[in-house]
Amino acid sequence: MEASQAVSAPVLAAYRYCETVTGQQARNFAYGIRLLPTAERRAMSALYAFSRRVDDIGDGELPGAVKVERLEDTRALLGRVQAGAVEEDDTDPVAVALAHAAGVFPIPLGGLDELIDGVQMDVRGATYETWDDLKVYCRCVAGAIGRLSLGIFGTEPGARGVERAPEYADTLGLALQLTNILRDVREDAEGGRTYLPADDLAKFGCSAGFAGPTPPEGSDFAGLVHFEVRRARALFAEGYRLLPMLDRRSGACVAAMAGIYRRLLDRIERDPEAVLRGRVSLPGREKAYVAVRGLSGFDTRHVSRHTLRGRA
């Protein structure tokens, strides 16, 4: 298999750079990809490092026009990767690693174009009136990453319903992103961004936004959070149908990453106002437990049983 062939020194150095970026910056993502075989782990690190670069441009302090220019430069670099025009001795290690990964795995690199589109929506200060509007953004910045990752994971031969695997990967990305939006609602508000749909905010009296550590006066902030938590849980339930379609270690990776976010969702549900007081997170020991649980295959077996029961 090509994935098991020796990797040249320049490519190996590029992958090591990407793995360092991932280990330093991907607090939740890194717990999942540690469970993957070497080739898949390296490829996922390359994917993360490129995505991190795009996100950092959008989140940085540069003027909007400069951000747009840098995003287009990054899109041009992606075009070089897609065209096979990045050599092993290129000075950009992320491009070298991503180009190699795309030569080993059938990664649908167009998903990274979608990510750039989504970050450009951030730069423009886009807001979202309805959940359908927000889904467009979430599919760009998270659903696309799910589909890209599926290109690295692959699917099990003969898996039932495998034609829907990209759809489930996309939906799982939406679940993760909505959880992120809930967790970061205060931080985003301080940065001048509002992601939750305007019609949801109005329904629960939260249109004034979240500028402080307490909900808007007279609002039903807990009701808003519980409403969005239910939406995220439904997305997780649908997206988890992907797990039985993956091999054991890929399934463990996905179950670990998704499991961490589901536990974040549990914490947010128990104390909705916590997201206004600071960043909600899980301790390392709990993340490690989720990773071990994913490797055990418990979540995959649970989904398989429920899927078969639903067909009975």
Side-chain angles (χ1 to χ4, degrees), residues 1-26 29-30 32-60 67-120 139-155 165-166 169-170 173 246-247 249-250 253-254 257:
M1 291 179 62
E2 189 175 4
S4 65
Q5 292 177 354
V7 178
S8 70
V11 171
L12 187 59
Y15 275 132
R16 284 175 177 160
Y17 173 84
C18 294
E19 289 183 302
T20 298
V21 170
T22 303
Q24 290 176 346
Q25 300 190 41
F29 186 83
I33 69 171
R34 288 174 187 168
L35 304 176
L36 293 171
T38 299
E40 285 84 350
R41 187 182 68 249
R42 288 172 176 166
M44 289 293 288
S45 294
L47 182 59
Y48 176 85
F50 188 93
S51 302
R52 180 77 265 166
R53 179 179 297 180
V54 175
D55 286 341
D56 285 347
I57 294 170
D59 292 337
K67 288 183 179 183
V68 169
E69 181 180 347
R70 294 204 175 179
L71 286 170
E72 289 306 321
D73 288 344
T74 307
R75 198 190 298 274
L77 176 63
L78 175 62
R80 288 180 55 218
V81 173
Q82 290 172 305
V86 175
E87 302 295 334
E88 288 188 0
D89 61 354
D90 194 282
T91 57
D92 189 327
V94 176
V96 172
L98 184 62
H100 184 270
V104 174
F105 299 101
I107 305 173
L109 291 175
L112 290 171
D113 263 316
E114 294 180 54
L115 173 63
I116 295 171
D117 290 341
V119 173
Q120 285 184 330
R139 285 210 159 97
C140 285
V141 300
I145 301 301
R147 286 178 267 117
L148 286 156
S149 301
L150 184 61
I152 295 171
F153 298 148
T155 54
D170 183 278
L246 305 177
D247 66 46
R249 291 176 71 175
S250 296
C253 172
V254 173
M257 289 189 285

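Because the structure is predicted, anything quoted here is derived from the model rather than measured.
Distance check, rounded to the nearest 0.5 Å: CZ of Arg70 to CD1 of Ile116 gives 14.5 Å. Distance check, rounded to the nearest 0.5 Å: CG of Leu78 to CG of Leu115 gives 9.5 Å.
Contact of the Arg42 side chain with the Val104 side chain is not registered, since no non-hydrogen atoms from C-beta on lie closer than 4.5 Å. Within the 4.5 Å cutoff, no side-chain heavy atoms of Leu112 are placed close to those of Thr74. Using a 4.5 Å cut-off on side-chain heavy atoms (C-beta onward), Ile57 and Lys67 make contact. You'll find the side chain of Asp59 stays beyond 4.5 Å of the side chain of Val119, heavy atoms only.
With sequence neighbours excluded, the residues that form a side-chain contact (heavy atoms from CB on, under 4.5 Å) with Thr20 are Gln24. With sequence neighbours left out, the side-chain contact (heavy atoms from CB on, under 4.5 Å) criterion links Glu69 to Asp73. Every residue meeting the side-chain contact (heavy atoms from CB on, under 4.5 Å) condition with Arg34, not counting sequence neighbours, appears here in chain and number order: Tyr31. Evaluation of the salt bridge (Lys or Arg N to Asp or Glu O under 4.0 Å) rule for Asp55 yields no partner, not counting sequence neighbours. Every residue meeting the side-chain contact (heavy atoms from CB on, under 4.5 Å) condition with Pro108, not counting sequence neighbours, appears here in chain and number order: Leu148.
For residues 103-114, the pairs satisfying salt bridge (charged side-chain N to carboxylate O under 4.0 Å, His left out) are Arg75-Asp113, Glu114-Arg147, with sequence neighbours left out. Sorted by first and then second residue, the side chain to side chain donor-acceptor pair (under 3.5 Å) pairs with a member in residues 92-102 read Tyr15-His100, Arg53-Asp92; sequence neighbours excluded.
Scanning all heavy atoms of the two residues, the minimum distance from Val254 to Leu246 falls at CG2-CD1, 3.7 Å. Heavy atoms only, all atoms of each residue included: Asp117 and Cys140 are closest at CB-SG, 4.5 Å. For the residue pair Ala102 and Leu109, the shortest heavy atom distance occurs at CB-CD1, 3.8 Å. Looking at every heavy atom in both residues, Gly111 comes nearest to Ala144 through O-CB, 3.5 Å. Here the closest heavy-atom approach between residue Ile145 and residue Val141 is recorded as CG1-O, 3.6 Å. Closest approach of Phe153 to Cys253, counting heavy atoms only: CZ-SG, 3.9 Å.
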Enumerate donor-acceptor pairs with a distance under 3.5 Å from any side-chain N or O in residues 43-51 to protein atoms, sequence neighbours excluded.
unit_1, atom_1, unit_2, atom_2, d
Ser45, OG, Arg41, O, 3.0
Tyr48, OH, Gln25, O, 3.3
Tyr48, OH, Arg52, NH1, 3.4
Ser51, OG, Leu47, O, 2.9

